[in-house]
Amino acid sequence: MRPPVIRKRVSVLVLMLGLVMGGPLPGLVAPAAAQTTQGGAPPYEGDLLRLAEILGALHYLRPLCGAAEATRWRDEMQGLVDVEAPSGDRRGQLIAAFNNGYESYRQVYRSCTPSAELASQRYLETGAKLSRDIAARYGSN
C-alpha cells in the first residue's frame, strides 16, 4: 500500500499535466510536495527530472513549429514546481532540467524543420508515457 501523501501528489500531478498531441497530455504526472525516501529525493525523482526536461524542449519546439502554445509548457512546468514544492537543491535541479531541455533545442533549431516536428511529436508521446508510468507506479491504485 502506497502512503497517502504519494497517492495525493501523483493524483494532483496527473490532473495537472495531462498532455496529448495538440491537447492536454492524458495522465501527465506531477507529484505535490514530494514525499522523500529517508530524507532524500522521492522515488520518482529521476522520472520527474526527465519530465521537466521534456517540458523545456516542448516549450521551445511547439511554438517554433506553429502550435498556439506560447507559454503552455512553461506554465505546466511552473505548475509542477508549485505542486511539488521542492526545496533549494531539488528546485534548482528541476529548473535546470527544464532549461536544459529548452536550451538544447534553441541552440540547434531556428526554424521548424521536419526533424523539429518529429522531435516535438516524440516528446509529446514520451511525456505522456512517462506520466502514465509514474501514475501507475506511484498513483492511488
Side-chain angles (χ1 to χ4, degrees), residues 2-141:
R2 292 177 183 88
V5 175
I6 288 181
R7 284 194 301 249
K8 181 180 177 188
R9 289 179 193 147
V10 172
S11 296
V12 169
L13 214 151
V14 169
L15 292 174
M16 185 181 80
L17 293 178
L19 322 151
V20 177
M21 340 228 176
L25 293 179
L28 200 61
V29 179
Q35 177 164 334
T36 61
T37 41
Q38 298 178 348
Y44 49 81
E45 186 72 0
D47 291 337
L48 202 60
L49 289 169
R50 179 67 180 134
L51 186 56
E53 187 173 12
I54 288 169
L55 291 172
L58 289 169
H59 181 58
Y60 183 76
L61 289 170
R62 298 285 292 164
L64 181 70
C65 290
E69 302 170 347
T71 64
R72 177 178 183 179
W73 305 104
R74 187 197 179 287
D75 294 345
E76 293 286 356
M77 180 62 191
Q78 184 62 57
L80 187 150
V81 170
D82 290 347
V83 169
E84 188 66 19
S87 60
D89 287 344
R90 281 193 67 234
R91 179 180 173 84
Q93 289 174 343
L94 285 169
I95 292 169
F98 177 88
N99 289 341
N100 184 55
Y102 181 91
E103 190 61 28
S104 64
Y105 281 94
R106 190 191 67 77
Q107 291 178 6
V108 175
Y109 294 102
R110 301 287 182 217
S111 62
C112 187
T113 64
S115 178
E117 283 277 1
L118 180 61
S120 176
Q121 186 64 33
R122 286 186 177 165
Y123 276 128
L124 285 171
E125 294 166 2
T126 301
K129 181 184 182 320
L130 181 59
S131 66
R132 283 190 305 269
D133 292 349
I134 295 170
R137 186 162 185 197
Y138 302 103
S140 60
N141 287 341

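In this chain, numbering begins with 1 at the start of the sequence shown.
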*Shortest non-hydrogen contact from Ser120 to Leu61?*
N-CD1, 3.9 Å
*Any side-chain donor-acceptor pair under 3.5 Å between Gln78 and Asp82?*
yes
*How many angstroms lie between atom CD of Gln93 and atom CD1 of Ile95, to the nearest 0.5 angstrom?*
11.0 Å
_Counting C-beta onward and ignoring hydrogens, is there a side-chain heavy-atom pair between Leu94 and Met77 closer than 4.5 Å?_
yes
*Does the side chain of Leu124 reach to within under 4.5 Å of the side chain of Arg62, using non-hydrogen atoms?*
yes
*Atom pair CZ (Arg50) and CD1 (Ile134), whose distance is rounded to the nearest 0.5 Å*: 11.5 Å
*Measuring from Trp73:CH2 to Ile54:CD1, what's the distance to the nearest 0.5 Å?*
10.5 Å
_Ionic contact status for Lys129 with Asp133, cut-off 4.0 Å_ = yes
*Contact list for residues 49-69, test ring pair (Phe, Tyr, Trp, His ring centres under 6.0 Å), sequence neighbours left out*: His59-Phe98, His59-Tyr102, Tyr60-Tyr102
*In Å and rounded to the nearest 0.5 Å, what is the CG to CG distance from Leu51 to Leu130?*
5.5 Å
_Thr126 side, atom OG1; Glu53 side, atom CD - distance, nearest 0.5 Å_ = 11.0 Å
_Suppose the criterion is side chain to side chain donor-acceptor pair (under 3.5 Å): which pairs have a residue in residues 110-119, not counting sequence neighbours?_
Tyr109-Ser115
_Set of side-chain hydrogen bond (donor to acceptor under 3.5 Å, both in side chains) partners for Arg91, sequence neighbours left out_ = none
_Are more than 12 heavy atoms, taken from residues, nucleotides or ligands other than Arg74, located less than 6.0 Å from that residue's CZ atom?_
no
*Residue pairs passing the disulfide (SG to SG under 2.5 Å) test where at least one lies in residues 52-127, sequence neighbours excluded*: Cys65-Cys112
*May I ask you to test the Tyr105-Tyr123 pair for a side-chain heavy-atom distance under 4.5 Å?*
yes
*For the side chain of Ser131 and the backbone of Gly127, is there at least one donor-acceptor N/O pair under 3.5 Å apart?*
yes
_Residues in salt bridge (Lys or Arg N to Asp or Glu O under 4.0 Å) contact with Arg122, at least two apart in sequence or another chain_ = none
*Who passes side-chain contact (heavy atoms from CB on, under 4.5 Å) against Ala70, sequence neighbours left out?*
none
_Using side chain to side chain contact (heavy atoms under 4.5 Å, CB included), reason through Leu80 and Leu48 one step at a time and then give a plain yes or no._
CA-CA 9 Å; Leu80 187 150; Leu48 202 60; 3.9 Å; yes
